[in-house]
Amino acid sequence: MTSPAGPAADPAAIATTPATASTASAAGGAGSAAASSVAAVPLTQIFVRLKLSLLRNGLKGSSKRKAAYFSSLAFALVVGFFVTLGLALLHGNVHAGTVVVLLAALLALGWAFMPLFFPTGDETLDPSRLVMLPLRPRPLVRALLASSLVGIGPLFTLCLAVGSVLAVARGAAGAVAAVVAAPLLVLGCVTLARAVATANVRLLSSRKGRDLAILSGLLIAVGGQLVNFGSQRLFQAGGLTALEPVEAVVRWLPPATAIGMVDSASEGAYGVAAAQLALTVAAVAALLWFWERSLTRLMVTPDGSTIAAARPTKDRGAGGVWSLLPAGRTGAAVQRTLRYAVRDPKTKAAWVTALAIGMIIPVFNALQGTGSVYLACFGASMLGMQMYNQFGQDTSAFWMVAQTISNTRDAYVELRARAVALGLVTVPFTVLVTVVTAAVIGDWSAFPAATGLSLALLGSMLCTGALASARFPYSIPSDGAFKNVVPGQAGLAWAGIFGGLLVSAVISAPVIALTIWLNAADHRAISWIVLPVGVAWGALATWAGLRLSAPTVARKLPEILSAVSKG
């Protein structure tokens, strides 16, 4: 393969390229002496050393990063040990094969999709950084694969693989198959992740690709509830025996075939075990070929975003639905807040996740027969949290807003407009969640009280959200889909969120007490009174929070601007 930097080079010549120079520098060497000392080092060894250097250098100068990394490593080792031990204790159990084969399939599924949801979690997932170096694709694949096996994820996967083969390996044939299956499972998972990431690297590095973070929150929320719902139905249907037909199919899907091979060899089905081994090896080879082809195409194909001609944009003006907003600062601030929710990836991710979880939790519990109409308050609390850290959500663009705030009145109008923008979405959605939950449960008599209580809680959180935004602002970093606080400001974030939640519960306590008393005293016929009381209480709480927060914002505007600009 010929890259834009020049003709391809063999691995022995890598020492003369910029890659070797940077690797030598990362490892601690400098100058020509360091370059000559690694002249004969294979490319695979260079990339492994580079990965270790990246891990080591990323921990320098930050005690918090060290603590986070080593605590994550310790947590992975502890969990991996106990999971391995638990799987090993399944040895001899009639359902051991079903459990570990399905576990291997879920493990591979996680490896396939996690790079799409966490593209910034590992910088080495982006091979486009190497496009200017004269590297051949096949040695580069080997080097990247070896470096990919260094990390907490592969270590945890190896623990699960060892536990899985210990659960099903029996006899000499099973032991031999287990020795082959464990590394094959890890290799298949890592190769699958690399192949998927390389094929989508241009998407992942674009703004549209970063919007995949939205799907992660949604899928995690939906998946968690589906697992909960499915597990209940599973044990009602007779336990793990109901999964045996699924396992019979999955054991022929690589890389779960590696664990199926151990089970088959242990039962004496050597022909089936050989077929599963061949299928596993063929799948890994196919993934390596696909990875190499994707890498070649990435290295020689220009990025379309760099050659696309600029298209003239249309002047949309303020027509359409925006014309319904009031004129002046309020309408402009409402429109800006709603546009951020649609266009900014992190704001959009937070909104979609809150909306999804706010609907899923009450409705799924209602479907399972364990819910209540009052569980719709959970959706109101998820949406109310969007009011917290309002100025930090603007990131570095907040300085433009700060230029327009000169007194308490300006601060109050700005906060009020942001609360109105949230209310335009959260109030109808809260009512919708309550309607759906009441319809599923069939308890329409509790609908007015549940709606009033939800709106009272929502108003209380808008109140505390405004107060927290004024007193505990923090910066949201622009990099990383799930990095929501810059180092050193985590205490501000926790204080604002958890303190706000506790105060919100106190503010809405009168409405909560009224609802409990009406139900406990069997006065459900007049429980509808909670609806107007809750609406009025929520509106009053929101107004009070905005009024109390405005002087603080006007007085501490320089400090707020400094706090939210640290990212």
Side-chain angles (χ1 to χ4, degrees), residues 76-112 145-146 148-193 231 234-235 237-288:
L77 289 175
V78 171
V79 174
F81 170 77
F82 283 106
V83 172
T84 303
L85 181 62
L87 292 174
L89 293 176
L90 288 176
H91 185 80
N93 188 284
V94 66
H95 298 299
T98 301
V99 171
V100 296
V101 168
L102 293 178
L103 177 63
L106 291 175
L107 193 62
L109 192 64
W111 272 94
L145 179 60
S148 300
L149 295 172
V150 178
I152 298 177
L155 178 61
F156 184 73
T157 304
L158 180 61
C159 293
L160 296 185
V162 171
S164 298
V165 297
L166 289 176
V168 293
R170 299 183 302 276
V176 172
V179 173
V180 178
L184 267 181
L185 177 60
V186 177
L187 188 64
C189 289
V190 175
T191 305
L192 179 60
S231 61
L234 173 65
F235 289 105
L240 293 173
T241 305
L243 290 178
E244 290 181 355
V246 179
E247 183 268 341
V249 176
V250 171
R251 67 167 49 228
W252 289 98
L253 299 177
T257 47
I259 305 301
M261 172 194 67
V262 180
D263 194 25
S264 300
S266 300
E267 294 178 353
Y270 303 122
V272 175
Q276 289 171 328
L277 174 61
L279 188 58
T280 306
V281 173
V284 173
L287 286 172
L288 290 172

Is the shortest side-chain heavy-atom distance between [X] and [Y] below 4.5 Å?
{"X": "Leu77", "Y": "Leu155", "answer": "yes"}
{"X": "Trp252", "Y": "Val272", "answer": "yes"}
{"X": "Leu103", "Y": "Leu87", "answer": "yes"}
{"X": "Pro154", "Y": "Trp111", "answer": "yes"}
{"X": "Leu184", "Y": "Leu277", "answer": "yes"}
{"X": "Leu145", "Y": "Leu187", "answer": "yes"}
{"X": "Arg251", "Y": "Asp263", "answer": "yes"}

For [X] against [Y], the heavy-atom pair lying closest together:
{"X": "Pro183", "Y": "Val179", "value": "CD-O, 3.1 Å"}
{"X": "Ala96", "Y": "Ala167", "value": "CB-O, 3.8 Å"}
{"X": "Ala256", "Y": "Ala105", "value": "CB-N, 4.1 Å"}
{"X": "Ala169", "Y": "Ala175", "value": "CB-N, 4.4 Å"}
{"X": "Ala181", "Y": "Val262", "value": "CB-CG2, 3.3 Å"}
{"X": "Val190", "Y": "Ser148", "value": "CG1-CB, 3.5 Å"}

So, does [X] use its side chain to make a donor-acceptor pair with the main chain of [Y] at under 3.5 Å?
{"X": "Thr98", "Y": "Glu247", "value": "no"}
{"X": "Ser266", "Y": "Arg170", "value": "yes"}
{"X": "Thr191", "Y": "Val284", "value": "no"}

Return the [atom1] to [atom2] distance between [X] and [Y], rounded to the nearest 0.5 Å.
{"X": "Leu102", "Y": "Leu109", "atom1": "CG", "atom2": "CG", "result": "12.0 Å"}
{"X": "Cys159", "Y": "Leu85", "atom1": "SG", "atom2": "CG", "result": "12.0 Å"}
{"X": "Leu185", "Y": "Thr280", "atom1": "CG", "atom2": "OG1", "result": "9.0 Å"}
{"X": "Ile259", "Y": "Met261", "atom1": "CD1", "atom2": "CE", "result": "7.5 Å"}

